**Q** 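Input: one structure, supplied below.
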Amino acid sequence: MRVLVTGGAGFIGSNLVWSLLSGGHEVGIIDDLSTGSFGNVHPAAWFRTLDITGPALADAVSEFGPDVVVHLAAQTSVPASLKDPELDRLVNVEGTRAVARAARAAGARRMLSASSAAVYGQPVAVPLIEESEKHPCNPYGESKLEAESVIAAELRGSGTDFASLRFANVYGPRQDWRGEGGVVAIFTAQMNAKKAPIIYGSGQQTRDFIYVGDIVGAIEAALEVDGALALDGADGPAYNISTGLEVNLEELASALRLTVGYYGPIEHAEAREGDIGRSALDPTKANERLGWSAVAPLETGLGRTATWLAREQ
Ligand SMILES: NC(=O)c1ccc[n+]([C@@H]2O[C@H](COP(=O)([O-])OP(=O)(O)OC[C@H]3O[C@@H](n4cnc5c(N)ncnc54)[C@H](O)[C@@H]3O)[C@@H](O)[C@H]2O)c1
């Protein structure tokens, strides 16, 4: 299959590209390298450095001629979305619209797009199902939610099937640990360097941590599904890609201590405004429709992340 991955030089994208190529697929990458890196670009992949919001996108997509487009390119930082909501919306909403139009014009059979747990905002009850209420608490969550409707508006009724995959908290090798990286990458890097990690708030706040290899597995399963993934209704094309398990930050820090061999202190600081109290996404729909479930135990995923980071940092 010919698979075009936008954002293929980033954390999730590069893990996906490596796996697709080893599975015998032909892979194209479009990435502007704004947060991704050239070092992440697999040498066997077709690659164009370009901005999805720019004028060169449609020609590049039709030049590659994908069977499926996996759209991962995005402005992914919540603080950056608060600082510059217009830029966030430009990339995440208008960029997604441009990718959907280009996928359709190029005759792609399907478009899979990365959405996020951030679309739900502060949950009323967990685990969240796809139809749960959505009150995103920052411009990033808002733009991810709007992008889902934009894809539906562009592609429903066309020959291009589509799905929005709402990823939980993804962690694993190649995640940024310096700036806006996820808590797993930041804590692991700090513990590797024998620096005390800081837990903001009580430490009882929970997240649904999912290993990047499981995200790759979900995308690969979604590529292959026969029949439509874009079911009827607003949340019909949406799929939670998650473990369904809640792990609190104290538990995460304890598991990481054992993995890394860090026996120093863990610091505590005041809760940050807007921090989500509990989060877990019910993956039943993806289990049933994609024939996929997350398989990596937290300890295994943390071990792989720590080994990778120890080499890189
Ligand atoms: N990492 C997570 O925990 C998580 C959770 C939920 C959803 N997601 C979503 O998964 C996707 C991938 O995220 P990631 O964690 O790999 O982030 P990432 O920043 O590592 O990857 C994003 C990639 O997109 C590229 N990009 C950004 N703007 C672009 C533009 N205008 N044109 C072309 N390329 C552009 C970047 O250079 C980068 O390579 C994103 O859509 C993100 O919103 C991630």
Side-chain angles (χ1 to χ4, degrees), residues 4-18 28-42 45 47-57 60-61 69-78 80-81 84 87-99 102 111-120 136 138-148 151 164-186 207-216 218-219 238-243 276 279 281 301 305:
L4 180 66
V5 184
T6 71
F11 159 47
I12 297 172
S14 60
N15 279 284
L16 174 66
V17 167
W18 248 256
I29 297 173
I30 286 177
D31 197 301
D32 69 354
L33 301 181
S34 51
T35 56
S37 75
F38 189 68
N40 276 348
V41 175
H42 195 295
F47 174 55
R48 293 289 178 276
T49 312
L50 62 86
D51 182 342
I52 54 165
T53 65
L57 179 77
V61 175
V69 174
V70 182
H71 176 46
L72 303 176
Q75 191 303 108
T76 59
S77 155
V78 171
S81 80
D84 192 346
L87 179 66
D88 178 83
R89 196 177 174 285
L90 174 69
V91 177
N92 293 357
V93 178
E94 296 312 323
T96 298
R97 189 191 313 279
V99 171
M111 171 171 168
L112 302 171
S113 182
S115 187
S116 168
V119 302
Y120 297 107
N138 47 57
Y140 169 72
E142 285 165 12
S143 67
K144 282 287 176 183
L145 187 57
E146 191 178 346
E148 292 190 10
I151 297 167
S164 289
L165 307 178
R166 293 179 186 154
F167 302 155
N169 282 70
V170 191
Y171 72 94
R174 299 212 186 99
Q175 187 165 33
D176 178 30
W177 71 94
R178 287 158 292 213
E180 294 303 326
V183 64
V184 172
I186 292 171
R207 296 291 179 269
D208 182 334
F209 294 107
I210 181 164
Y211 184 61
V212 68
D214 280 327
I215 294 286
V216 167
I219 295 171
Y239 294 80
N240 288 340
I241 305 297
S242 55
T243 67
I276 303 280
S279 181
L281 275 54
T305 309

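Positions are given from 1, in the same order as the sequence printed here. Basis for what follows: all heavy atoms, side chains included, without hydrogens, waters or symmetry-related copies. These numbers were taken from a predicted model, which means no experiment stands behind them. For ligands, and for the atoms within them, numbers begin at 1 and follow the listed sequence.
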**Q** Report, in ascending order of atom number, the atoms of ligand 1 lying under 4.0 Å from any heavy atom of Leu50.
**A**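 Close to Leu50: 32 (N), 33 (C).
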
**Q** Measure the spacing between OG of Ser242 and CZ of Arg207 and express it to the nearest 0.5 Å.
**A** 14.5 Å

**Q** Considering all heavy atoms of both residues, which atom of Val212 and which atom of Gly172 are nearest to each other, and what is their separation?
**A**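 Looking at all heavy atoms of both residues, the shortest contact is CG1-CA, 4.0 Å.
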
**Q** Once you restrict to heavy atoms under 4.0 Å, what part of Tyr140 touches ligand 1? Side chain, backbone, both or neither.
**A**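 The part of Tyr140 near ligand 1 is the side chain, not the backbone.
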
**Q** From atom 41 (O) of ligand 1, work out which of Arg48, Arg174, Lys144, His71 has a heavy atom at the shortest distance.
**A** Lys144

**Q** Do you know which two heavy atoms are closest between Phe11 and Gln175, and how far apart they sit?
**A** CD1-N, 3.3 Å

**Q** Which one holds for Asn40 and ligand 1: side chain close, backbone close, both close, or neither close, with close meaning a heavy atom under 4.0 Å?
**A** neither

**Q** Mind checking whether Gly10 has an N or O less than 3.5 Å away from an N or O of ligand 1?
**A** yes

**Q** Can you list the residues that meet the side-chain contact (heavy atoms from CB on, under 4.5 Å) rule with Ala117, with sequence neighbours excluded?
**A** Leu281

**Q** According to the interplanar angle, ranging from 0 to 90°, do the rings of Phe209 and Tyr171 count as parallel (below 30°), tilted (30 to 60°) or perpendicular (above 60°)?
**A**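 Rings of Phe209 and Tyr171: perpendicular, over 60°.
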
**Q** So which bit of Ala118 gets within less than 4.0 Å of ligand 1, heavy atoms only: side chain, backbone, both or neither?
**A**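 It is neither part, as no heavy atom is under 4.0 Å.
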
**Q** Please compare Thr35, Ile29, Asp32 and report which has the shortest non-hydrogen distance to atom 29 (C) of ligand 1.
**A**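 Considering heavy atoms of Thr35, Ile29, Asp32, the nearest to atom 29 (C) of ligand 1 sits in Asp32.
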
**Q** Would you name the heavy atoms of Ala9 and Asn40 that are closest together and state the gap between them?
**A**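 Minimum heavy-atom contact is O-ND2, 2.9 Å.
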
**Q** Would you tell me which option among Val212, Asp31, Val99 has the nearest heavy-atom contact to atom 25 (C) of ligand 1?
**A**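 It is Asp31 that holds the nearest heavy atom.
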
**Q** So which of Val93, Val119, Asn138 actually passes side chain to side chain contact (heavy atoms under 4.5 Å, CB included) with Lys144?
**A** Val119

**Q** Have a look at Leu165 and tell me which of Val70, Ile219, Ile215 forms a side chain to side chain contact (heavy atoms under 4.5 Å, CB included) with it.
**A**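 That would be Ile219.
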
**Q** What is the closest protein heavy atom to atom 28 (N) of ligand 1, and at what distance does it sit?
**A**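 Protein heavy atom at minimum distance: Ser34 OG, 3.5 Å.
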
**Q** Look at atom 15 (O) of ligand 1 and say which protein heavy atom is nearest, naming residue and atom and giving the distance to 0.1 Å.
**A** Phe11 CD2, 3.5 Å

**Q** In terms of atom number and element, which parts of ligand 1 are under 4.0 angstrom from non-hydrogen atoms of Gly36?
**A** 36 (C), 37 (O), 38 (C), 39 (O)

**Q** Which residue supplies the protein heavy atom nearest to atom 5 (C) of ligand 1, what is that atom called, and how far is it?
**A**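 Going by distance alone, atom 5 (C) of ligand 1 is nearest to Ala168 O, 3.3 Å.
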
**Q** Of all the heavy-atom pairs spanning Asn15 and Pro173, show the shortest one and how long it is.
**A** ND2-O, 3.1 Å

**Q** Does Ala9 have a heavy atom less than 4.0 Å from any atom of ligand 1?
**A**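 Yes, Ala9 has a heavy atom closer than 4.0 Å to ligand 1.
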
**Q** Nearest heavy atom to atom 3 (O) of ligand 1: which of Asn15, Val183, Val91, Val170 does it belong to?
**A** Val170

**Q** Taking only residues two or more places apart in sequence or in another chain, which ones pass side-chain contact (heavy atoms from CB on, under 4.5 Å) with Leu90?
**A**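 With sequence neighbours excluded, Leu90 shows a side-chain contact (heavy atoms from CB on, under 4.5 Å) to Thr53, Leu87, Glu94, given in chain and number order.
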
**Q** What heavy-atom pair brings Pro136 and Glu142 nearest, and what distance separates the two atoms?
**A**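 Between these two residues, the closest heavy atoms are CB-N, 3.5 Å.
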
**Q** Start with the C-alpha gap between Ile12 and Phe167, add the side-chain angles, then the distance that decides, and say whether side chain to side chain contact (heavy atoms under 4.5 Å, CB included) holds.
**A** CA-CA 11 Å; Ile12 297 172; Phe167 302 155; 3.9 Å; yes

**Q** In ligand 1, which numbered atoms sit nearer than 4.0 Å to a non-hydrogen atom of Ala114?
**A**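 Checking each atom against Ala114, I get 9 (C), 10 (O), 11 (C), 41 (O).
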
**Q** Among all protein heavy atoms, pick out the one at the shortest distance from atom 32 (N) of ligand 1; state its residue, atom name and that distance to 0.1 Å.
**A**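 The answer is Ile52 N, 2.9 Å.
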
**Q** Who gets closest to atom 44 (C) of ligand 1 by heavy atom: Ile12, Ile30, Thr76?
**A**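 When every heavy atom of Ile12, Ile30, Thr76 is considered, Ile12 comes closest to atom 44 (C) of ligand 1.
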
**Q** Taking all atoms of both residues into account, what is the closest heavy-atom pair of Ile52 and Val99, and its distance?
**A**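 Reported closest heavy-atom pair: CG2-CG2, 3.9 Å.
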
**Q** Just by distance, with hydrogens left out, do Gln75 and Asp88 show a side-chain donor and acceptor under 3.5 Å apart?
**A**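 Present: a donor and an acceptor within the cut-off.
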
**Q** Could you tell me whether Thr53 and ligand 1 have an N or O pair separated by under 3.5 Å?
**A**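 Checking ligand 1 against Thr53, no N or O pair falls under 3.5 Å apart.
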
**Q** Return the closest protein heavy atom for atom 31 (N) of ligand 1 as residue, atom name and distance.
**A**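 Looking only at protein heavy atoms, the one closest to atom 31 (N) of ligand 1 is Asp51 OD1, 2.9 Å.
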
**Q** In the protein, which heavy atom is nearest to atom 40 (C) of ligand 1, and how far is it?
**A**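 Result: Leu72 O, 3.1 Å.
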
**Q** Consider ligand 1: state whether an atom of it lies below 4.0 angstrom from any non-hydrogen atom of Ser115.
**A**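 For ligand 1, residue contact (heavy atoms, under 4.0 Å) with Ser115 is present.
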
**Q** Rounded to the nearest 0.5 Å, how far does CG of Leu16 lie from CG of Leu72?
**A** 6.5 Å

**Q** Select one of side chain, backbone, both or neither to describe which atoms of Ala117 lie under 4.0 Å from any atom of ligand 1, heavy atoms only.
**A**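 Neither; nothing of Ala117 gets under 4.0 Å from ligand 1.
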
**Q** How many angstroms lie between OG1 in Thr6 and CG in Leu50, if you round to the nearest 0.5 Å?
**A**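 If we round to the nearest 0.5 Å, Thr6:OG1 and Leu50:CG are 10.5 Å apart.
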
**Q** Contact between Ser77 and ligand 1, counting heavy atoms under 4.0 Å?
**A** no

**Q** Does ligand 1 have a heavy atom under 4.0 Å from the side chain of Thr6, from its backbone, from both, or from neither?
**A** neither

**Q** N/O of Phe167 under 3.5 Å from N/O of ligand 1, yes or no?
**A**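 No; the residue has no nitrogen or oxygen that sits under 3.5 Å from a nitrogen or oxygen of the ligand.
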
**Q** Which residue and non-hydrogen atom of the protein lie closest to atom 24 (O) of ligand 1, and at what distance in Å?
**A**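 Here the closest protein heavy atom is Ala73 CA, 3.3 Å.
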
**Q** Would you mind listing which atoms of ligand 1 come within a distance below 4.0 Å of any non-hydrogen atom of Leu33?
**A** 37 (O)

